[in-house]
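Below, read A as the first sequence line, B as the second, and so on, with proteins coming before strands; counting in each chain starts at 1. Quick note: numbers below take in every heavy atom, side chains included, and nothing from hydrogens, waters or symmetry partners.
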Amino acid sequence: MTLNLFDAKGCALDQQRFTWKELVQQPISKLDDDAFTRVRIILMNGLELEALRFQHACARMNKDLQRPLAKVRRIEQHQATMINWLISADHSTLETTIGYEQVAIEVTAAVAQNEPDAYLAQVYRFGLLEDFDHLYRYSALLDRLEGKDANNILQCYTDILPGRPTVDEHREPADDLRDHYDRSKAAPITKLHALTIMAGEQQTHNFYMNVGPLYADPVARQLYAEIASIEEQHVTQYESIIDPNETWLEKWLLHEAAEVYNYYGCLEQETNPRIKAIWERFLDYELGHLHLVRELFKKHERRDPAEVLPETLPDPIPFRSQREFVRRVLKQEVDLRTDGTQFVDKAQESPESLEYRRHINSEGSPSQAVAAGYQWSPGTELNRKIA
Amino acid sequence: MEKQTSLGMNRTGIDMSPIDSKNMIEEAEKTLPSSTGDETAIYSVQNSYISAAAPVGSVPIPGTLKGMATSAMEKLSGDRPEVLIDSLGARLAFERTGTRLYDYLISKCETIGVEGGVSLDTLKRFREEEARHFKTVAKALTSLGADPTAQTPCADTSAVASSGLLQVLSDPRTSVSQCLEATLIAELTDNAGWQLLIQLANGMGLDEMVADFRAALAEEDIHLQHMRQWHEQAILNQTRVKAA
């Protein structure tokens with residue numbers, strides 16, 4: 001099926017209503033549902049939270065848009081709720097964290113392979129290896145703190161191996177900034193990719209900032225503090241690749257298009273029929289939002305939305321294991337570092353980042369401590385160590 | 001909806017992905033950890049925090065020490081009454097939360113039916129007894145001039161310890177037998193808690209409390225005995241195995 005973004009009007013806004021019972025549905029099964037169903041849930045929650053955050057910022061800067069923003073935002077709020085509440089309560093916070101990192105790895109790896117801009121593909125591969133390492137550190141924590149196997153969550157789709165060591169990911173802020181795409185030349189898929197990955201990283205950052213203090217264990221508190229700091233760096237990286245010259249309405253249009261694009265991808269690939277129905281419903285809702293914003297764009301900017309949006313959607317982000325690609329990138333690029341917006345070998349890393357890192361790690365590294373000597377094995381490391 | 005144990009599409013184990021798991025294990029085995037050592041590295045970080053950590057909080061100063069002497073408190077001079085107050089605070093909180101645990105269990109049994117020979121009337125009686133035990137402990141604290149509305153440190157940590165029990169009981173997806181197991185855990189701890197309280201009160205010469213607590217323990221013994229039996233039966237009934 002090809003979705004035409006200009007023909008589809010979607011569900012009218014006044015029909016987009018919810019009850020509390022609808023918002024709080026039966027969650028997925030941690031044990032029986034496919035890991036990619038959870039991946040899609042976490043990803044779409046991220047997109048909805050980014051929609052909320054963007055729309056609030058936009059409202060603060062645009063008096064004329066406050067009314068339509070408020071209307072759409074209320075719906076996004078409830079979409080986010082319905083989606084996020086699908087995570088069942090038997091997920092420990094750490095198990096949900098493993099899910100978040102699986103999203104970061106599998107979705108970013110898919111995006112990196114489909115991104116037509118070579119520099120931006122490199123940006124994604126760079127971030128990918130860092131999130132890949134986070135999964136390894138959190139898996140060690142899950143094993144050693146809760147006595148659980150992270151693969152119960154990952155379901156063999158994603159490797160648990162060291163990536164670019166988290167201890168080496170701490171950089172001077174200027175070394176997290178990247179060059180942005182040019183809004184007048186970039187392919188539509190480039191813009192959708194950037195918004196999708198930025199949204200995912202932003203929710204991950206917020207999640208770690210909220211749940212870090214829930215732990216009693218000081219090493220767990222330290223590890224969340226450390227990785228939350230990297231996620232903040234990642235948000236800095238990914239928001240800097242988006243052209244800041246886009247107008248507010250242009251950005252709003254792209255946000256709605258990114259939501260349509262991703263709900264469409266979820267709908268096409270979902271294996272749980274109950275969740276698939278939610279993706280279908282929300283695709284229709286987002287088409288309604290997009291239709292509204294297209295009209296606002298024409299009215300306020302006197303421009304044709306076709307200047308910004310493609311007529312039809314690009315191919316969806318594939319939700320499947322990207323194991324071989326990730327291993328290849330790991331082998332070839334684990335030693336990449338940055339100097340300003342450029343990627344360099346670790347021998348050429350900026351002295352400012354080296355100094356920043358020297359200090360922040362000077363009283364010990366939580367990510368090194370938690371994974372000291374850690375090798376994942378099925379059933380936890382105790383399964384390997386105890387004869 | 002039927003919530004008995006059933007076979008299904010559980011995807012968590014490696015046997016669900018024989019090819020991928022083999023690939024994953026091989027790669028993990030040939031990849032060296034990024035830092036040397038073992039899980040004790042976590043404890044060395046933790047130890048530095050343990051040494052420096054302040055306690056979770058304090059026992060509130062009872063009215064007696066603020067000038068409002070009670071006859072019970074006067075007996076405790078030199079006996080570190082704060083230890084008793086903390087233990088009483090823990091029991092009070094546990095009984096109060098225990099009442100809520102029973103509310104959830106009753107609601108679940110009423111909705112999906114009982115298992116393991118559970119009697120709803122007995123469950124409701126246990127619920128009332130838990131609530132009365134809460135008031136028994138509140139009365140004991142008041143007799144010492146202590147504030148029964150305060151949360152003491154042991155009340156706090158025992159609530160953290162049992163927070164998972166509430167998660168199991170309040171989850172609509174859990175079965176009666178899973179809820180019985182959670183309640184059994186609560187009753188085992190509760191029983192030990194009452195025994196300790198009796199020892200403490202007895203050693204401090206608080207005879208009225210000892211009598212009240214013994215009466216509560218007698219009821220708690222029955223709760224524990226039933227929970228153990230119901231839980232066993234609820235599991236065994238799903239098989240052909242007969243109770244020993």
### Task
With sequence neighbours excluded, tell me which residues meet side-chain contact (heavy atoms from CB on, under 4.5 Å) with B:Asp86.
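With sequence neighbours excluded, B:Asp86 shows a side-chain contact (heavy atoms from CB on, under 4.5 Å) to B:Val59, B:Thr152, B:Pro153, B:Cys154, given in chain and number order.
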### Query
For A:Asp33, is it the side chain, the backbone, both, or neither that has a heavy atom closer than 4.5 Å to a heavy atom of chain B?
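Just its backbone gets close to chain B.
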### Message
Can you tell me which portion of A:Asp90 sits under 4.5 Å from chain B's heavy atoms? Options are side chain, backbone, both or neither.
### Response
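Answer is both: backbone and side chain atoms of A:Asp90 are under 4.5 Å from chain B.
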Is it true that atom [atom1] of [X] has more than 12 heavy atoms of other residues, nucleotides or ligands lying nearer than 6.0 Å?
X	atom1	result
A:Arg274	CZ	yes
A:Glu363	CD	no
A:Arg384	CZ	yes
B:Tyr104	OH	no
B:Arg100	CZ	no

### Message
Sub-4.5 Å heavy-atom contacts with chain A: which residues of residues 42-55 of chain B show up?
### Response
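B:Ile42, B:Tyr43, B:Val45, B:Gln46, B:Tyr49 fall under the 4.5 Å cut-off.
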### Query
Which of residues 126-134 of chain B get closer than 4.5 angstrom to chain A, counting heavy atoms alone?
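Against chain A, none of the residues of residues 126-134 of chain B fall inside the cut-off of heavy atoms under 4.5 Å.
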### Query
OG of A:Ser377 to CD of B:Glu29: how many Å apart, nearest 0.5 Å?
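So the gap between those two atoms works out to 7.5 Å.
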Sub-4.5 Å side-chain heavy-atom contact between [X] and [Y]:
X	Y	answer
A:Gln155	B:Met16	no
A:Pro27	B:Arg173	yes
A:Pro162	B:Thr31	yes
A:Lys30	B:Asn10	no

### Message
Checking B:Lys30 against A:Leu161 for the side chain to side chain contact (heavy atoms under 4.5 Å, CB included) test, could you report, in this order, the C-alpha distance in whole Å, the side-chain angles of both residues, the deciding distance, and whether it holds?
### Response
CA-CA 10 Å; B:Lys30 71 181 186 200; A:Leu161 303 169; over 6 Å; no
### Task
Determine, stepwise, if the pair B:Asp38 / A:Tyr374 fulfils side chain to side chain contact (heavy atoms under 4.5 Å, CB included).
CA-CA 7 Å; B:Asp38 57 25; A:Tyr374 187 72; over 6 Å; no
### Query
Is a side-chain N or O of B:Ser35 found less than 3.5 angstrom from the main chain of A:Gln368, in a donor-acceptor match?
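Checking the backbone N and O of A:Gln368 against the side chain of B:Ser35, a donor-acceptor pair under 3.5 Å is found.
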### Query
Do side-chain atoms of B:Asp20 reach the backbone of A:Tyr157 as a donor and acceptor pair under 3.5 angstrom?
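Not a single qualifying donor-acceptor pair exists.
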### Query
Should B:Glu39 and A:Lys385 count as an ion pair when the cut-off is N to O under 4.0 Å?
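Salt bridge: yes.
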### Query
Is B:Arg11 salt-bridged to A:Asp32, cutoff N-O under 4.0 Å?
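Salt bridge flag = no for A:Asp32 with B:Arg11.
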### Query
Taking A:Pro366, A:Gly373, A:Ser321 one by one, which has the highest count of heavy-atom pairs under 4.5 Å against chain B?
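If we count pairs closer than 4.5 Å to chain B, A:Gly373 comes out on top.
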### Steps toward side chain to side chain contact (heavy atoms under 4.5 Å, CB included) verdict (B:Met24, A:Arg323)
CA-CA 9 Å; B:Met24 215 178 144; A:Arg323 187 191 318 279; 3.6 Å; yes
### Task
State whether a side-chain donor-acceptor pair under 3.5 Å links B:Ser34 with A:Arg137.
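Yes, side-chain donor-acceptor contact under 3.5 Å.
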### Task
Decide side chain to side chain contact (heavy atoms under 4.5 Å, CB included) for B:Asn23 and A:Arg327; before the verdict, give the C-alpha distance in whole Å, the side-chain angles of both, and the deciding distance to 0.1 Å.
CA-CA 12 Å; B:Asn23 189 350; A:Arg327 285 186 186 175; 2.7 Å; yes
#### Entry: side chain to side chain donor-acceptor pair (under 3.5 Å) contacts in which one or both residues fall within residues 155-169 of chain B, not counting sequence neighbours
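Residue pairs with at least one partner in residues 155-169 of chain B: there are none.
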